[in-house]
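These notes concern the structure reproduced below.
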2 protein chains.
Amino acid sequence: MSEKISPAVIRRLPKYYRYLEDLEGKGIDKISSSQMSLEMGLNASQIRRDLNCFGGFGQQGYGYSVRKLKKEIARILGLDQRYNVIIIGAGRIGQALMGYKNFMLEGFNVVDIFDNDPAKVGAEVLGREVQNISTLASYLKDKNIDIAIICTPKEYAQQSADLLVSFGIKAIWNFAPTDVAVRRGVAVENVHLSDSLYVLSYKLKEKIKGAGI
Amino acid sequence: MSEKISPAVIRRLPKYYRYLEDLEGKGIDKISSSQMSLEMGLNASQIRRDLNCFGGFGQQGYGYSVRKLKKEIARILGLDQRYNVIIIGAGRIGQALMGYKNFMLEGFNVVDIFDNDPAKVGAEVLGREVQNISTLASYLKDKNIDIAIICTPKEYAQQSADLLVSFGIKAIWNFAPTDVAVRRGVAVENVHLSDSLYVLSYKLKEKIKGAGI
DNA sequence: TAGATTGTTAATCGATTAACAATC
DNA sequence: TAGATTGTTAATCGATTAACAATC
């Protein structure tokens, strides 16, 4: 349905979702945009506008039902489904993500981890045997995998992506410190850790400079 | 300097930096905004505008010197310095970051890792003994630490941040799946992994929907 | 000089915020 | 009903893109 939601709004949805989860955890079942504004540090107008992108489920004079709102956002983000996930690259990051319980809880089920390094293939990572990347084609034919996480060194990132896409993967979560190009119709989301660290470094410099004045 | 650089520009700088590193690796020493535009998928006007924020070091009729440009961006991001880093939380993510070689290479030197879990304190992580969080105050008085990485469960994130800030830490890289509040004068950069995964989930849904039409 | 490419101004686009009428 | 709060339109702000004059 509907009006084409802007990327800026989409990026805020997880934040709303986290906040609503917290409220639910505290047993709060009603919330107003002004209260959200206070606690989340967003403008109340913006919040109302954001939440209205998917058809108003607030109630004038009352506010929003926490339960309803959270459920709705989950639906929009696709969190009402379960996803099977594989990890490409059994290095530190790959292994850490393999064991990241939160994802499991949220419906992202990491089923297998792959590597091309003979030293790693066959080893156990959290009770799962590292698979040989060369078996990926037949593996993906058999199993129903929704999302692949690329945790390879940057040199292998693009070829991993190409491989995955050629075998029908439609969503890539890329942790390699480089961008990967894919054809339209494939979703990519980058987590460029060092980019984020660089921005922190910049901010730190600015803070220090600011303090000096 | 200067004119107050916009956040949107800052977020693009690491991407320029990565691209210029690649060029340098290939031995290319001259680049034009139109070529960058082609290869990076950004608008050429935007690139020229971005790079001009810090005082033009392009050359009309010629382009930009890769070496000079990269060096300049590094300086702006603060990558011409070295930083001492500690990690709070010796779980999977903390341990993975501890071993992330790239950071070291870029001047971010992870010196110690802390935890509050007696089962973890004293254990070895990559040749470093996990420190007790209760020793943090005296530790920070002795050592010169620039950046702290929060890798705790979300319940501990805010109190960790409070602790760090009260002991003088000026930059926090937050991996906990929650926002932390700090006073002005402290830089925070969030890596909300699940937020990113949720956005991927959304994009995937959109792609599938798009394909259906 | 002629050709190329930057630096910069002006135009466009999109996102945020303010204001208020609709309505529970 | 009166008070509160949403939904929505209008105003503002910021970011992107186009265009072109400056200049190497």
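Chain naming here is simple, since letters A, B, ... match the order of the sequence lines and numbering starts at 1 in each. Just so you know, these numbers come straight off a predicted model, no measurement behind them.
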*Whichever of Gly61(A) and Asp50(A) has its nearest DNA chain C nucleotide further upstream toward 5'*: Asp50(A)
*Examine dG7(C): is either OP1 or OP2 under 4.0 Å from a nitrogen or oxygen in the side chain of Asn52(B)? Give yes or no.*
yes
*side-chain N/O Gln59(B) vs dT6(C) OP1/OP2, d < 4.0 Å*: no
_Mind checking if Ser32(A) touches a base, just sugar-phosphate, or nothing, with heavy atoms under 4.0 Å?_
sugar-phosphate
*Nucleotide paired to dG3(C) in any strand shown, Watson-Crick or G-U, under 3.5 Å*: dC24(D)
*Picking from dG7(C), dT6(D), dT16(D), which would you name as closest to the side chain of Tyr64(A)?*
dT6(D)
*asked:* Counting the atoms with a prime plus P, OP1 and OP2 as sugar-phosphate, which does Arg11(A) contact under 4.0 Å by heavy atoms, base, sugar-phosphate, or nothing?
replied: nothing
*Which one of Leu69(B), Leu77(B), Leu42(B) satisfies the side-chain contact (heavy atoms from CB on, under 4.5 Å) criterion with Tyr16(B)?*
Leu42(B)
*Should dA18(C) form a Watson-Crick or G-U wobble pair with both distances under 3.5 Å, which nucleotide is its partner?*
dT9(D)
*Mind calculating the distance between CZ (Arg12(A)) and C1' (dT17(C)) to the nearest angstrom?*
12 Å
_Let me spell it out: for each of Gln60(A) and Ser6(A), pick the nucleotide of DNA chain C with the closest heavy atom. Which residue's pick is nearer the 5' end?_
Ser6(A)
*For the pair made of CZ in Phe54(A) and C1' in dG7(D), what is the distance, rounded to whole Å?*
14 Å
_Rounded to whole Å, how long is the line connecting atom NZ of Lys68(B) with atom P of dT6(C)?_
13 Å
_Ser33(B) side-chain N/O to dT5(C) phosphate OP1/OP2 under 4.0 Å_ = no
